[in-house]
There are 2 protein chains.
Amino acid sequence: MADSTPANTADPAAAWRGRRRRQDHGTKRDAVIRTAAKAFDERGYHNTSLDDIAAALGVTKPTIYYYVANKEQLLFECFLAGLEPIRAALRRAEQAPGSGRDRLREVIHDYAVAIASEYGWCMVRAEHQDLGAELGAQVRALKSEIDRGIRRLLQHGINDSSIAVTDPKLAAFAIAGALNWIAHWYRAGRTLTQDEVADAFVQFLEHGLAPRQPGAGNPVRASVRVRRTRVVAKA
Amino acid sequence: MADSTPANTADPAAAWRGRRRRQDHGTKRDAVIRTAAKAFDERGYHNTSLDDIAAALGVTKPTIYYYVANKEQLLFECFLAGLEPIRAALRRAEQAPGSGRDRLREVIHDYAVAIASEYGWCMVRAEHQDLGAELGAQVRALKSEIDRGIRRLLQHGINDSSIAVTDPKLAAFAIAGALNWIAHWYRAGRTLTQDEVADAFVQFLEHGLAPRQPGAGNPVRASVRVRRTRVVAKA
DNA sequence: GTAAGATTCTACTCAACAGTAACTTATGGT
DNA sequence: ACCATAAGTTACTGTTGAGTAGAATCTTAC
């Protein structure tokens with residue numbers, strides 16, 4: 001989860017191969033989770049056996065149990081890893097300056113980038129029923145926290161009249177839906193970068209389909225304040 | 001699939017209970033598919049055994065095999081049943097009058113209503129990997145047909161300048177995403193009707209977050225031409 | 001070098017569930 | 001009345017895959 005160590009960006013199996021064995025426990029655990037996320041994304045949770053994941057890592061099944069309690073918890077960790085960046089974006093927005101719309105714009109951007117990550121599937125497509133009552137409730141709580149955050153930003157924007165929507169609740173669902181869906185179609189390394197997608201979505205969600213009325217340029221003062229989220233050291 | 005016979009609206013098990021046995025084959029088959037869709041929605045595909053579905057219908061497992069070939073095909077039928085209304089909406093839009101935006105508005109509305117149906121889950125959350133290569137490809141083809149339809153409407157709208165988006169492809173994804181997500185949160189019989197949701201989404205997707213510039217009222221000539229889709233005879 | 005502990009492996013158990021075989025019962029046409 | 005067939009049942013098989021016990025192997029500290 002701590003995306004800090006090098007060499008976890010490309011091939012997770014590298015955490016084993018070549019290196020000496022008594023290797024940083026955390027790094028390997030992250031590799032397990034990361035590989036699981038990728039496998040779930042490709043084949044779905046139930047069509048992925050722990051043997052599959054083990055094989056992808058070049059180890060055997062019991063090794064996985066050395067790092068996580070069971071398959072359920074593995075899925076849970078994927079959720080957490082994916083959800084965290086979005087929660088961080090919302091926390092940042094809470095104490096940022098600017099109109100509601102400016103701040104929401106930032107969140108939408110970071111949200112889109114997060115969903116296009118390798119954990120996108122887990123956040124969006126994984127079924128809560130696959131987690132027991134306990135963990136399922138935790139995930140639901142986190143998701144609902146995100147939902148409330150977006151609604152709050154919408155409300156701010158409505159109050160300072162930088163945003164106009166009829167129903168903030170449904171608007172939040174529409175925004176989250178458009179963004180979450182990215183996980184269904186986006187594949188890394190095809191034509192579009194995560195940032196390009198994010199910018200396009202910011203654009204669309206702000207203005208919708210209708211042409212903007214000529215004249216009365218809308219206040220794009222801060223544009224997208226390109227705070228390129230600190231990229232983790234690659235390689 | 002043929003939503004024509006009475007008594008399939010409420011409880012599908014009613015197709016068996018009380019009635020004599022030599023009963024309309026098609027009706028019962030529909031009841032099987034409908035019940036499967038509901039169960040998949042509630043517990044997910046893999047957490048639903050055929051015994052579960054059989055129990056919900058008040059029959060035993062082999063009876064299900066009497067109506068469908070296997071579990072995979074059962075899921076496939078749910079896909080078809082759900083996707084069809086959306087394809088129909090697109091077909092209607094193809095030969096409708098009005099601007100691209102007017103026609104897209106109709107499609108968005110009907111799409112939203114369809115996704116809020118009991119087949120919403122199958123269309124949106126079911127994994128293609130759970131269908132074999134054959135059926136999976138068919139579903140993918142249908143979905144891509146829908147995607148192309150939306151893009152075409154967007155392009156019409158751009159041409160007649162009733163729509164302004166930078167990238168029609170991404171706009172189509174955003175629209176589909178917002179709509180598809182409805183399947184994740186909408187539950188029938190809570191506060192909002194399908195139509196209310198649909199209208200709110202039409203509204204939001206047309207105008208986005210930004211307040212409309214005062215003056216220059218936008219051309220809402222046809223509004224939502226409330227062609228209340230023919231409701232099937234209920235009970 | 002060697003003991004202690006950390007890490008990974010081989011070789012299982014056990015339950016769930018899709019799918020089937022073969023038998024039973026109701027129904028409608030003749 | 002009777003039989004051909006539609007509709008359903010009970011009771012199984014076979015496989016898959018999560019999870020575990022316990023042995024084997026590596027690493028580091030001393």
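Letters A, B, ... mirror the listed sequences (proteins, then strands); counts begin at 1.
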Task: Among D/dT9, D/dA21, C/dA18, the one nearest B/Thr60 by side-chain distance - done: D/dT9
Task: Spacing of B/Glu72 atom CD relative to C/dG19 atom C1', expressed in whole Å - done: 13 Å
Open item on the list: Of the options C/dG19, C/dC9, D/dA18, whose atoms approach the side-chain atoms of B/Lys61 most closely?
Closed with: C/dG19
Task: CZ (B/Arg187) with more than 12 external heavy atoms under 6.0 Å - done: yes
Task: B/Leu75 CG - C/dA18 P separation (whole Å) - done: 13 Å
- [ ] Measure the distance from CG on A/Asp51 to P on D/dG19 and round it to the nearest whole Å.
- [x] 12 Å
Open item on the list: Just N and O in the side chain of B/His46: are any of them under 4.0 Å from OP1 or OP2 of C/dC17?
Closed with: no
Open item on the list: Donor-acceptor check, side chain of B/Asp52 to backbone of B/Ser49, threshold 3.5 angstrom: yes or no?
Closed with: yes
Task: Atom pair OH (A/Tyr119) and CD1 (A/Ile33), whose distance is rounded to the nearest 0.5 Å - done: 6.5 Å
Open item on the list: Among C/dT20, D/dA7, C/dT10, which nucleotide has an atom closest to any side-chain atom of B/Pro62?
Closed with: C/dT20
TODO: For A/Thr63, answer base if it contacts any base atom (sugar-phosphate contacts may also be present), sugar-phosphate if it contacts only those atoms, and nothing otherwise; contact means non-hydrogen atoms under 4.0 Å.
DONE: sugar-phosphate
TODO: Looking only at side-chain atoms of A/Leu50, point me to the closest of D/dA18, D/dG8, C/dT20.
DONE: D/dA18
Open item on the list: Can you see whether B/His46 engages B/Asp130 through a side-chain donor-acceptor pair at a distance of less than 3.5 angstrom?
Closed with: yes
Task: Among D/dT20, D/dA7, C/dT7, the one nearest B/Tyr66 by side-chain distance - done: D/dA7
Open item on the list: Please tell me if B/Lys28 has a side-chain N or O lying less than 4.0 Å from either OP1 or OP2 of D/dA6.
Closed with: no
Open item on the list: Using a 3.5 Å distance criterion without hydrogens, assess whether the side chain of A/Tyr67 forms a donor-acceptor pair with backbone atoms of A/Lys28.
Closed with: no
Open item on the list: How many whole angstroms separate atom CG of B/Asn70 from atom P of C/dT20?
Closed with: 8 Å
Open item on the list: In this structure, how many angstroms lie between the P atom of D/dA7 and the CG atom of B/Leu57, rounded?
Closed with: 15 Å
Open item on the list: Looking at B/Tyr67, I'd like to know whether one of its side-chain N or O atoms comes within less than 4.0 Å of OP1 or OP2 on D/dG8.
Closed with: yes
TODO: Calculate the interatomic distance between B/Tyr65 atom OH and D/dT10 atom P; express it in whole Å.
DONE: 17 Å
TODO: Could you work out which one of D/dA7, D/dA18, C/dT7 sits closest to the side chain of B/His25?
DONE: D/dA7
Task: B/Ile64 CD1 - D/dA7 P separation (whole Å) - done: 16 Å
Task: A/Leu74 CG to D/dG17 P, straight-line distance once rounded to whole Å - done: 16 Å
- [ ] Please tell me which of the listed nucleotides, D/dT9, C/dA18, C/dT7, lies nearest to the side chain of B/Lys71?
- [x] C/dA18
